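No experiment lies behind these values; they were computed from the predicted model shown. To find a chain, count down the sequence lines: A is the first, B the second, and so on, and within it residues start at 1.
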There are 2 protein chains.
Amino acid sequence: MPTIKEIAKASGVSVATVSNIINEKGKVSEETRIRVQKIIEEMNYTPNSVAKNLKTKNSRCIGVIAEDMTVFALPDIIDGITEYCEKEDYQILLVNLRLYKKFEDTYYRSDRYGDIVQREIQKLVAKQVEGIIYVAAHERLINVFPEQLPVPMVVAYGYTSHRGIPSVMVSDEQGARELVKYLISMGHRRIGVIAGKKYSMHTRSRLEGYQRALFEGNVLYDPDLVVYGDWERESGYRNTDYLIEKNVTAIFCMNDFMAGGAYDRLDERKLKVGRDIAVAGYDNREMAGYEKPPLTTMGLPLHDIGYRASEIILDMLKKEEKNTEEADIYYVDCKPYIRQSVNQLKTEKKEGV
Amino acid sequence: MPTIKEIAKASGVSVATVSNIINEKGKVSEETRIRVQKIIEEMNYTPNSVAKNLKTKNSRCIGVIAEDMTVFALPDIIDGITEYCEKEDYQILLVNLRLYKKFEDTYYRSDRYGDIVQREIQKLVAKQVEGIIYVAAHERLINVFPEQLPVPMVVAYGYTSHRGIPSVMVSDEQGARELVKYLISMGHRRIGVIAGKKYSMHTRSRLEGYQRALFEGNVLYDPDLVVYGDWERESGYRNTDYLIEKNVTAIFCMNDFMAGGAYDRLDERKLKVGRDIAVAGYDNREMAGYEKPPLTTMGLPLHDIGYRASEIILDMLKKEEKNTEEADIYYVDCKPYIRQSVNQLKTEKKEGV
DNA sequence: TTGTATGCGTTATCAT
DNA sequence: ATGATAACGCATACAA
């Protein structure tokens, strides 16, 4: 690995001139520029980013802290981050907390967890990253960040009450609303809901979307048509009977797994999904397309969340880190995947309230 | 962010002393050590890794080039990499090539692809990474690396003929062998195969494993029982009839998707999987556990591949980068997931050759 | 247009 | 045991 000094010597100029050429500062004669350029090629010289970084104080690098790489949402979010960063010529220092693997499902209650995060932030800052994106494994309130942060930060797929840290989240309310409006447009009025865990953010927002769609469709909201599962397939299976007895013509499941469970039960009861009864899911997990019939569902804008998060953080960088008091939450819209699990309702006889 | 100089001034010692304390060089009196240590705490000082790196030439950082983060195998492989790196206190600079998104399925034939890889390697080296792990999106021969590499490299989930670059791959042969031995142990003798694309590495190795299991089980290998699909679900569906006509009692599909297709066709023909006929898959994709009945399949050791790859590269680093002429291929074993799709064969009547 | 000199924050060498 | 200082590779202010 040659250094700028060696290039200078080899081409008989000073290091300043070489530096000016590399960084296209002008004020160099065309003649020497070409000559030095050639030497640079020949010796296969690349400037040492570390030295450059030490001097200029910009590393063109951001830190990404992922709660757990192997959780389904993360790869797409990180993919979105990398796409925008590549455009802007930023590199990524990745930290994988492996929270699920270390603490199982309850990591966010662990005492150790906050310390771990702070230590990793410390290390990232020591490496001179210009900003940090924290990527949560599922949406929730995250308050493990130190009071004084030396670099801008944004949280993706979660939010924080820490002032000065923007958040980027799924617009669950919009997604559920759009999906339920679709069900209504297909003639359904009695739409049962198999919700997620009662106090999950996703559950609450999706339920609001459901209610709003009903309102806009002039359909009475019947609380008895909402039943709570726990996101697992089995809970979809378990809650289906209840809704059938309530004479629903469609079931909106708050994730694809529970929709799969509903399929199972419906199948046992000889009710054909997409003909005798409509089913919709949420998340657009891989298996949704393989169900029989393929499941209509709402896709999470994971890639876009990552993309948006990096836009925001690079914007903060450009603004010289001033007036970043806009601790906003940005919502990114979901996109529906219309498949074969929702039938057009023809008869009106089951429509009574 | 205070510097070492400020710490020195604040505690009334020289920077050399502070440095010695930080790096536990000894030759410092207990008294001053404690005093300076306290100041460091108070001022919340962390050494600047960039400056340290410039001076010492070790960044404790490796580069990871992922062909495409969103391909199913990658997150687990990267998770394995991060696990070992965390133990060894190494950080990770991540590059996501996004090859699938940019070039679709044929990226590896693209001219531009090689240049992109070389440019990214260049950038990583400029950042002073100590080594690079290249993670392929699917196993194949990869020869896009520059002749002279300034840092050690290893390829995960693929291999290269470049000398000095070790590879870490799935032991497809072992996996298929073990799975087919299991089928034989369950009494099956006429075991049909729905293979992947004919010239894929995976197909060839898994076929070898199948043949070896047959040999070891004293079962004649009948080439007519092997039919080629294209990894897609539909090709499993399409090839099932042929095997049924050949009177197989079990079908070994070379991936879970094709197994799913076989399920579909079997279902149509009123053959119950796990009772009338056995089906096994490969890869242990998410959907495998949700099939009815849950699919017996062979899990890919993705996490272990990543873990092994980082072990290898950090070993190379320790060896002072000498005699790395061992351009070996390391194979990592697959692990079976026994579920309900394979029945014990009781009657012997269908066993003839 | 080109060269000289200084400093970024750290470690390491050599005095004291 | 502690301190002064050079050096890592680069960018830049200033001099020539």
Side-chain angles (χ1 to χ4, degrees), chain A residues 1-37 39-40 43-61 91 122-130 150-151, chain B residues 1-37 39-40 43-61 91 122-130 150-151:
Chain A
M1 295 278 90
T3 71
I4 196 172
K5 205 181 286 178
E6 300 178 59
I7 300 297
K9 184 154 48 169
S11 39
V13 296
S14 73
V15 293
T17 301
V18 179
S19 177
N20 283 331
I21 289 168
I22 295 164
N23 300 298
E24 295 168 329
K25 293 284 181 198
K27 54 185 170 183
V28 165
S29 78
E30 192 61 10
E31 182 201 15
T32 58
R33 200 184 61 73
I34 291 173
R35 184 161 45 90
V36 174
Q37 202 69 268
I39 306 258
I40 288 176
M43 300 182 64
N44 193 25
Y45 167 71
T46 316
N48 180 328
S49 311
V50 173
K52 185 172 188 161
N53 178 197
L54 178 62
K55 179 68 187 166
T56 62
K57 261 93 188 58
N58 55 8
S59 56
R60 291 202 86 75
C61 187
Q91 288 182 295
Q122 196 71 269
K123 282 167 67 177
L124 250 19
V125 169
K127 273 273 185 187
Q128 304 287 97
V129 299
E130 298 180 24
V151 296
Chain B
M1 294 279 89
T3 71
I4 197 172
K5 206 180 283 179
E6 299 176 60
I7 300 296
K9 184 152 49 167
S11 40
V13 297
S14 72
V15 293
T17 302
V18 179
S19 177
N20 283 332
I21 290 169
I22 296 165
N23 300 298
E24 294 167 328
K25 293 283 181 198
K27 54 185 172 182
V28 165
S29 78
E30 191 63 8
E31 181 201 15
T32 58
R33 198 184 61 73
I34 291 173
R35 183 162 45 90
V36 174
Q37 203 67 269
I39 306 257
I40 287 176
M43 299 181 65
N44 193 26
Y45 166 72
T46 317
N48 180 328
S49 310
V50 173
K52 184 172 186 163
N53 178 196
L54 178 62
K55 181 65 187 167
T56 62
K57 262 91 187 58
N58 55 9
S59 56
R60 291 202 86 75
C61 186
Q91 288 181 295
Q122 196 71 269
K123 282 167 68 177
L124 250 19
V125 170
K127 273 272 184 189
Q128 304 287 97
V129 298
E130 297 180 23
V151 296

More than 12 foreign heavy atoms under 6.0 Å from NZ of B/K9: is that the case here?
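Not more than 12 within 6.0 Å, no.
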Please work out if [X] contacts a base, only the sugar-phosphate, or nothing of the nucleic acid, heavy-atom cut-off 4.0 Å.
X	value
B/G12	sugar-phosphate
A/N23	sugar-phosphate
A/S19	base
A/V13	sugar-phosphate
A/K27	base

Round to the nearest Å and state the distance from [X] atom [atom1] to [N] atom [atom2].
X	N	atom1	atom2	result
B/I34	D/dA1	CD1	P	15 Å
A/K5	D/dT12	NZ	C1'	16 Å
A/R35	C/dT1	CZ	C1'	12 Å
A/E24	D/dA11	CD	C1'	15 Å
A/K127	C/dT10	NZ	P	14 Å
A/N48	D/dC10	CG	C1'	8 Å
A/N58	D/dA11	CG	C1'	11 Å
A/I7	D/dA11	CD1	P	13 Å

Mapping B/A16 and B/A51 to their closest nucleotides on DNA chain C, which lands nearer the 5' end?
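Looking at DNA chain C, the more 5' nearest nucleotide goes with B/A51.
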Residue-phosphate contact under 4.0 Å: [X] side-chain N/O, [N] OP1/OP2:
X	N	result
B/K57	D/dG9	yes
B/S14	D/dG3	yes
A/T17	C/dG3	yes
A/N20	D/dT12	no
B/S49	C/dT10	no
B/T56	D/dC8	no
A/T32	C/dT2	yes
B/Y45	C/dT10	yes

Drop me the distance from [X]'s [atom1] to [Y]'s [atom2], to the nearest 0.5 angstrom.
X	Y	atom1	atom2	answer
B/R60	A/K123	CZ	NZ	9.5 Å
B/S59	A/K127	OG	NZ	5.0 Å
B/M43	B/M1	CE	CE	10.0 Å

Check whether any side-chain heavy atom of B/L124 sits under 4.5 Å from a side-chain heavy atom of A/Q91, and report yes or no.
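Of all side-chain heavy-atom pairs linking A/Q91 with B/L124, at least one is under 4.5 Å.
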Side chains of A/I22 and A/I4: does their closest heavy-atom pair fall under 4.5 Å?
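A/I22 reaches A/I4 side chain to side chain.
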Return the nearest nucleotide to the side chain of B/L54; candidates are C/dG9, C/dT1, D/dC10.
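Nucleotide nearest to B/L54's side chain: C/dG9.
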Is there a donor and acceptor pair, one atom on the side chain of B/K55 and one on the base of C/dT11, closer than 3.5 Å?
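Checked by distance alone, the answer is yes.
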